[in-house]
Amino acid sequence: GKKQYDRDFLLDFQFMPACI
Amino acid sequence: EHITKHPLQNRWALWFFKNDKSKTWQDNLRLVTKFDTVEDFWALYSHIQLASKLTSGCDYSLFKDGIEPMWEDNWNKHGGRWLITLAKQQRRTELDRFWLETLLCLIGEMFCDYSDDVCGAVINIRAKGDKIAIWTREAENRDGVIHIGRVYKEHLGLSSKVVIGYQAHADTATKSGSLMKSRFIV
């Protein structure tokens, strides 16, 4: 299926470090 | 530990335009980079200047990979744009938020069945007033255009009193600003 993401899901990644 | 990035439906290309009158329009347009995951989008977004910090005459464009941010591109030439025109004071209060919401609408494919009609989005930084637009592929595709306009307006948080218009590129190319007619409004 199509990869659809809602706004809040996308925003959750804004300040996530690139490497953990 | 292997960490999988979250893939986007499409690969997107960010373009930057800087107005240098000694060069041609096309020479002033530069491809910045392409990305196809949620994580890479944020890495790019946090690395570049906010739109409100750009100088007048600059544009950012985000288009699906393979579509150039110009009317002449085969994917754009029959299309048009939902245009948001901002008052000067909105650069300080709303421009960056509107542009981010626009980007999220695109990469999240938030227009459901009509997301395939979307080509990209453009932000123009101009002294007389900034502009943001979502470009779609086919100005005659009424259902798709209207759906995209309604969803877009909702995501920007615009009140029902605010009206936004859709202009066909073919009309924009041939008519002056004052004669510009919107094909659709929402």
Side-chain angles (χ1 to χ4, degrees), chain A, chain B residues 1-12 14 33 35-48 50-51 62 64-65 96-118 121 134 144 147-148 150-158:
Chain A
K2 261 214 161 105
K3 294 177 195 74
Q4 297 176 325
Y5 300 116
D6 68 28
R7 177 185 182 280
D8 291 340
F9 179 88
L10 292 171
L11 283 168
D12 276 347
F13 290 85
Q14 184 170 11
F15 301 110
M16 213 169 260
C19 299
I20 301 167
Chain B
E1 187 185 355
H2 180 72
I3 295 164
T4 311
K5 293 179 181 177
H6 294 75
L8 300 173
Q9 178 67 29
N10 283 286
R11 171 172 288 127
W12 296 88
L14 180 76
T33 191
F35 59 87
D36 60 5
T37 68
V38 177
E39 287 80 355
D40 290 348
F41 163 72
W42 286 116
L44 173 62
Y45 182 81
S46 59
H47 185 69
I48 59 174
L50 286 172
L62 187 77
K64 287 175 180 169
D65 188 19
D96 292 325
R97 183 177 70 79
F98 280 0
W99 179 236
L100 179 56
E101 295 294 344
T102 305
L103 298 174
L104 297 181
C105 282
L106 264 53
I107 68 169
E109 309 282 333
M110 292 184 199
F111 305 107
C112 301
D113 291 346
Y114 296 111
S115 281
D116 289 345
D117 279 24
V118 172
I134 288 186
H147 178 82
I148 289 166
R150 285 189 181 140
V151 170
Y152 185 35
K153 189 174 163 182
E154 189 184 309
H155 277 273
L156 294 181
L158 299 177

Arg7(A) vs Glu101(B) side-chain heavy atoms within contact, under 4.5 Å: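 Arg7(A) reaches Glu101(B) side chain to side chain.
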
Side chain proximity check, Asp116(B) to Lys2(A), heavy atoms < 4.5 angstrom: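 Touching, per the 4.5 Å side-chain cut-off.
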
Trp42(B) side chain to Leu10(A) backbone, donor-acceptor under 3.5 Å: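 Indeed, once roles are kept as given, a pair shorter than 3.5 Å links the two residues.
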
Side-chain (Gln4(A)) to main-chain (Met110(B)) donor-acceptor, under 3.5 angstrom: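 No, Gln4(A) side chain to Met110(B) backbone: no donor-acceptor pair under 3.5 Å.
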
Chain A contact via Tyr45(B) - side chain, backbone, both or neither, heavy atoms under 4.5 Å: side chain

Intermediate values then yes/no, side chain to side chain contact (heavy atoms under 4.5 Å, CB included), Tyr5(A) and Leu104(B): CA-CA 9 Å; Tyr5(A) 300 116; Leu104(B) 297 181; over 6 Å; no

Exercise: identify the closest heavy-atom pair between Lys3(A) and Glu109(B):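 Looking at all heavy atoms of both residues, the closest pair is O-CG, 3.6 Å.
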
Asp6(A) atom CG, over 12 foreign heavy atoms within 6.0 Å: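 Yes, enclosed.
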
Neighbour count >12 (heavy atoms, 6.0 Å) for atom CZ, Arg97(B): yes

